[in-house]
Amino acid sequence: MFFSNNFISHKLVFLWLILISSTVLSSELIQHSTHSERTKAAKEVTQQFTQTLGGHLKSEMKTNGPVKAIKVCKEIAPEIANDLSIKTGWRVTRVSTKPRNPLLGSPDQWERETLASFTSRANNGEHYVDMSKAEVVNEAGKSYFRFMKPLAVKPVCLNCHGSEDKIPETVKAELDVMYPFDQARNYKIGDLRGAISIKQPMDLPLRKRF
Ligand code: HEC
């Protein structure tokens, strides 16, 4: 009886060791292989964000002008971010060092550092359109995949983010009422306006479709 029990327990320990080592191995493989998959997926999401928002902004500016287009940035932009967050399981936001809406647009420390790194990369000759940053970071004992893609200022942005002489008076009047803490003015074409920022806990599997 003693002999067979011992035999079973040895067998169990052996099986347990195999299980543990294969779990460790496979989780390492998953983590390793999904970093590039996560980066690719994050790039796709930022592209969707920019294209959807850009489309709405362009058509509203053309049909109803910049005052009406404020609504696109105020209501549709957070809606798109929310939709994408639900589809992906990620937190998808837009941030800036000089936010118009401090509630939604204020960067955390990682985002502030990444925005600063984008600016210095631009000073060294890189273009914002080619830049992105993907990193797995540890925050309060939890692992997160973080990703950021810069948003540079184009001519259309000046209507609402340009210098005082570029923003129409009617737009200024609306912005003054809606955004008493507005810092997002006096930008020039090619400046870094902000970035799309993505964050996902590493223990959430990457969704294949969104
Ligand atoms: C018609 C006016 C308008 C135009 C044009 C416009 N924006 Fe904005 N933008 C806004 C408003 C209003 C907000 C604040 C949205 C909110 O309440 O969250 C905003 C917010 C943002 C934010 C989020 C961070 C922040 O400052 O709160 C970014 C990033 C941004 N805009 C980038 C751009 C870029 C890049 C362009 C050009 C492609 C652009 N915007 C064109 C009005 C505009």
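Keep in mind the model is a prediction, meaning the values are calculated, not measured. Whatever order the structure lists them in is the order used to number ligands and atoms, beginning at 1.
- Backbone or side-chain N, O or S atoms of His161 reach atom 8 (Fe) of ligand 1 at under 2.8 Å.
- In terms of N/O distances under 3.5 Å, ligand 1 is not approached by Asn159.
- Leu151 CD1, 3.6 Å is the protein heavy atom nearest to atom 29 (C) of ligand 1.
- Contacts with ligand 1 closer than 4.0 Å are made by backbone heavy atoms (N, CA, C, O) of Pro66 only, the side chain lying farther away.
- The aromatic rings of Trp90 and Phe145 sit tilted, their planes meeting at an angle between 30° and 60°.
- Within the 4.0 Å heavy-atom criterion, both parts of Asn101, backbone and side chain, lie near ligand 1.
- When each atom of ligand 1 is checked for a heavy atom of Ile70 under 4.0 Å away, the hits are 1 (C), 12 (C).
- Salt-bridge check for Glu169 with Lys172: passed, with a basic side-chain N closer than 4.0 Å to an acidic carboxylate O.
- Between Glu111 and Arg91 there is a salt bridge, since a side-chain N of the basic residue sits under 4.0 Å from a carboxylate O of the acidic one.
- Residue contact annotation: Leu104 has a non-hydrogen atom under 4.0 Å from ligand 1.
- For ligand 1, the atoms closer than 4.0 angstrom to any heavy atom of Ala69 are 1 (C).
- Of the protein's non-hydrogen atoms, Cys157 SG, 1.8 Å is the one closest to atom 37 (C) of ligand 1.
- The main-chain N or O of Leu57 is never found under 3.5 Å from a side-chain atom of Glu60 such that the two would form a donor-acceptor pair.
- Using a 4.0 angstrom heavy-atom cutoff, Ala77 does not count as in contact with ligand 1.
- At least one heavy atom of Ala152 sits closer than 4.0 Å to an atom of ligand 1.
- The pair Glu174-Lys74 does not count as a salt bridge, with every side-chain nitrogen at least 4.0 angstrom from each carboxylate oxygen.
- Evaluation of the side-chain contact (heavy atoms from CB on, under 4.5 Å) rule for Thr114 yields Trp110, Ser117, Phe118, Lys133, Met148 as partners, not counting sequence neighbours.
- Nearest non-hydrogen protein atom to atom 1 (C) of ligand 1 is Cys160 SG, 2.7 Å.
- Nearest to atom 23 (C) of ligand 1 by heavy-atom distance, out of Arg94, Glu75, Arg100, is Arg94.
- Using a 4.0 Å cut-off between charged nitrogen and carboxylate oxygen, Arg146 and Asp108 count as a salt-bridge pair.
- Residue contacts with ligand 1 for Lys154 are absent, since no atom lies close enough (heavy atoms, distance under 4.0 Å).
- With respect to the salt-bridge test (charged N to carboxylate O, under 4.0 angstrom), the residues Glu164 and Arg185 qualify.
- Closest protein heavy atom to atom 10 (C) of ligand 1: Cys73 CB, 3.3 Å.
- Between the Asp176 side chain and the Ala173 main chain, no donor and acceptor come within less than 3.5 Å of each other.
- For the pair Tyr179 and ligand 1, the shortest N or O to N or O distance falls below 3.5 Å.
- Relative to atom 28 (C) of ligand 1, the option among Arg193, Arg185, Gln183, Glu174 with the closest non-hydrogen atom is Arg193.
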**Prompt:** Under the side chain to side chain donor-acceptor pair (under 3.5 Å) criterion, do Gln109 and Glu113 qualify, and how do the steps go?
**Reply:** CA-CA 6 Å; Gln109 198 190 329; Glu113 284 167 13; 2.9 Å; yes
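- Ion pairing between a basic and an acidic side chain is recognised when a charged N comes within 4.0 Å of a carboxylate O; Lys142 and Asp203 show such pairing.
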